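Heavy-atom basis, side chains included; hydrogens, waters and symmetry copies ignored. Predicted model, so just to flag it, every value in this text is computed and none were measured. Letters A, B, ... mirror the listed sequences (proteins, then strands); counts begin at 1.
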Protein chains: 2
Amino acid sequence: MQERAKESGGRPPQAVEDYVKAIYGMSERGLSVTTTTLAAELRVTPSSASAMLTRLRDAELIVHRPYSQATLTDTGVRLALRVIRRRRLIESFLIETLAYGWDEVEREAELLSRAASELFVERICERLGNPVRDPHGDPIPSSDGELPAPGSHLLGTLEAGAIGRLVRVWNGDPEVLQYLDERGIGLGDRIEVLSREPFGGPLMVRVGEPKEGRVHGVGPELAAVLSLELEQ
Amino acid sequence: MQERAKESGGRPPQAVEDYVKAIYGMSERGLSVTTTTLAAELRVTPSSASAMLTRLRDAELIVHRPYSQATLTDTGVRLALRVIRRRRLIESFLIETLAYGWDEVEREAELLSRAASELFVERICERLGNPVRDPHGDPIPSSDGELPAPGSHLLGTLEAGAIGRLVRVWNGDPEVLQYLDERGIGLGDRIEVLSREPFGGPLMVRVGEPKEGRVHGVGPELAAVLSLELEQ
DNA sequence: CCGCAGGTTTAGCCGCGTCTCAATTTGAGA
DNA sequence: TCTCAAATTGAGACGCGGCTAAACCTGCGG
Ligand SMILES: [Mn+2]
Ligand SMILES: [Mn+2]
Ligand SMILES: [Mn+2]
Ligand SMILES: [Mn+2]
């Protein structure tokens with residue numbers, strides 16, 4: 001007989017974790033999770049995704065009527081949060097401690113988070129001072145599965161006059177992060193919405209202190225991945 | 001078509017690296033590498049080892065006539081040294097930076113070294129100050145495949161009167177390392193062979209400065225895994 | 001010098017996670 | 001209601017890295 005889950009410290013197979021994490025992320029972004037969308041997300045054929053949905057249903061990690069949408073069960077959510085915690089702590093570690101760049105961190109964090117034990121993750125967590133957000137501003141679930149409720153708002157949904165601080169850059173796209181770096185925009189910066197140009201035009205924002213900050217035009221795609229925590 | 005070596009950054013399959021590393025280690029210890037001994041080393045059935053030997057021969061990583069012994073080719077040695085470098089640097093990192101214990105480091109280093117990229121390994125190497133030996137005293141191959149020639153001698157082979165410094169503990173057995181720790185014996189310590197008791201008796205050694213050091217009796221099994229660099 | 005035990009290889013299988021290609025279901029428009 | 005394209009599922013395969021069982025060398029002891 002083949003020994004099950006031999007090296008992984010009693011963790012589910014990697015593919016299971018990958019799919020559960022993807023489903024969690026898609027739900028978080030408000031996307032509907034179907035065979036096709038999930039397959040696209042993971043760059044896998046629909047039949048692979050279909051087979052995994054069946055498997056996840058059998059394991060009671062999702063609810064899924066055939067030909068319909070999938071939702072994580074409570075168990076599924078808990079698993080997703082464990083996976084996400086590992087991933088975000090490792091991202092933090094690579095960037096803070098090993099000076100990784102935005103473009104290097106994705107791949108490495110993906111691979112390492114598959115191999116790293118809970119022990120490793122908890123050690124680097126201590127070493128980083130038990131952070132609550134990763135370098136993208138993504139919240140880090142606690143080891144007992146609590147996710148700090150952020151109460152933040154997408155820049156793209158705000159009206160002129162809104163003022164807040166940048167707390168999160170969604171999706172971690174290296175190009176976006178690089179772009180922000182180049183313009184000196186970082187997490188924690190004060191951002192003021194000056195105006196919304198119509199017809200898909202940019203959002204004009206001031207980054208920095210009330211009168212001094214630089215003014216930037218932010219297109220809809222960028223505005224859709226930046227979250228602010230509003231003042232007051 | 002199935003994409004080959006997708007996530008691993010152009011590395012050979014893990015099993016190939018595992019076997020090559022095992023063959024290197026066995027040769028280093030003077031063991032002959034046959035289907036059976038290799039299978040025992042890797043806790044695998046002889047038929048698995050046999051299949052892999054064929055595969056390694058086809059890849060020209062070993063020389064192997066059927067029913068005979070296997071030897072690494074130059075290419076095989078180079079691969080082994082790359083694998084060993086990764087492994088020893090990660091061990092060093094876990095112990096020095098993340099305060100891993102002797103009993104925890106084996107498993108974690110094994111898993112992480114499979115996933116870690118060259119970039120990761122080179123980053124931690126810098127961070128550790130380009131070490132030449134790992135915490136067991138095992139030499140770390142350089143990134144261009146040179147192995148610092150140690151010129152050390154197994155304690156078990158020395159005669160009374162020999163004096164040297166402990167530079168290596170072979171095999172990294174946690175029990176041995178724990179035992180040494182408890183007695184305050186560590187890498188770099190001065191060791192003087194006082195006498196060899198006959199009939200499989202212990203080696204009497206002084207650990208520490210000429211007259212002050214504590215005297216220990218070292219059995220043959222322990223003497224077989226400790227290497228000294230001799231004075232002069 | 002012959003036979004046989006034991007080491008070695010081969011044959012056939014499994015589970016994983018992927019693929020391709022075919023069959024099936026669905027629901028929206030005619 | 002019927003039809004049909006698109007979404008979904010299913011069937012069959014593959015490479016990996018194991019396993020078991022059987023066939024096959026080989027060299028040592030009689
Ligand atoms: Mn993952
Ligand atoms: Mn992140
Ligand atoms: Mn290895
Ligand atoms: Mn070591």
Roughly how many Å is it from CD in A:Gln69 to P in C:dT26, rounded to a whole number? 15 Å
Tell me whether the count of non-hydrogen atoms from other residues, nucleotides or ligands lying under 6.0 Å of CG in A:Asp74 goes above 12. no
With A:Arg123 via salt bridge (charged side-chain N to carboxylate O under 4.0 Å, His left out) - residues at least two apart: B:Glu104
Neighbour count >12 (heavy atoms, 6.0 Å) for atom CD, B:Glu60: no
Of the candidate nucleotides C:dG17, C:dT20, C:dT9, which contains the atom at the shortest distance from the side chain of A:Thr45? C:dT20
Rounded to whole Å, please give me the gap between CG in B:Leu38 and P in C:dT9. 11 Å
Rounded interatomic separation in angstrom, taking NE2 from A:His64 and P from D:dA7: 15 Å
Can you find a side-chain donor-acceptor pair between A:Ser48 and A:Thr45 that sits under 3.5 Å? yes
Can you list, pair by pair, the side-chain donor-acceptor contacts under 3.5 Å of residues 94-103 of chain B, counting residues two or more places apart and other chains?
{"residue": "B:Tyr100", "atom": "OH", "partner": "A:Phe120", "partner atom": "N", "Å": "3.2"}
{"residue": "B:Tyr100", "atom": "OH", "partner": "B:Glu108", "partner atom": "OE1", "Å": "2.9"}
{"residue": "B:Trp102", "atom": "NE1", "partner": "B:Asp181", "partner atom": "OD2", "Å": "2.8"}

Heteroatom pairs (N/O) under 3.5 angstrom, protein to nucleotides 23-25 of chain C:
{"residue": "C:dT25", "atom": "O4'", "partner": "A:Tyr67", "partner atom": "OH", "Å": "3.1"}

For B:Gln14 and D:dG15, give me the distance from atom CD to atom P, rounded to whole Å. 19 Å
Donor-acceptor pair, distance only, cut-off 3.5 Å: does the side chain of A:Arg196 make one with the backbone of A:Leu203? no
What is the distance, to the nearest angstrom, from the CZ atom on A:Arg43 to the P atom on C:dT18? 14 Å
Whole angstrom is fine here: how far is it from CZ in A:Arg114 over to C1' in C:dG17? 11 Å
Sorted by number, residues from residues 46-58 of chain A placing a heavy atom under 4.0 Å from DNA chain D are A:Pro46, A:Ser47, A:Ser50
Which pairs pass ring-ring contact (aromatic ring centres under 6.0 Å, His included) with one or both residues in residues 11-44 of chain A, sequence neighbours excluded? none
Pairs of donor and acceptor atoms involving the side chains of residues 62-72 of chain A, under 3.5 Å and at least two apart or interchain, shall be tabulated with distances.
{"residue": "A:His64", "atom": "NE2", "partner": "A:Ser68", "partner atom": "O", "Å": "3.2"}

N/O (side chain, A:Tyr19) to phosphate O (OP1/OP2, C:dT18) under 4.0 Å: yes
Distance in angstrom units between A:Arg65 CZ and C:dT26 C1', rounded: 12 Å
What's the shortest heavy-atom distance between B:Pro220 and B:Gly200, and which atoms? CG-O, 3.8 Å
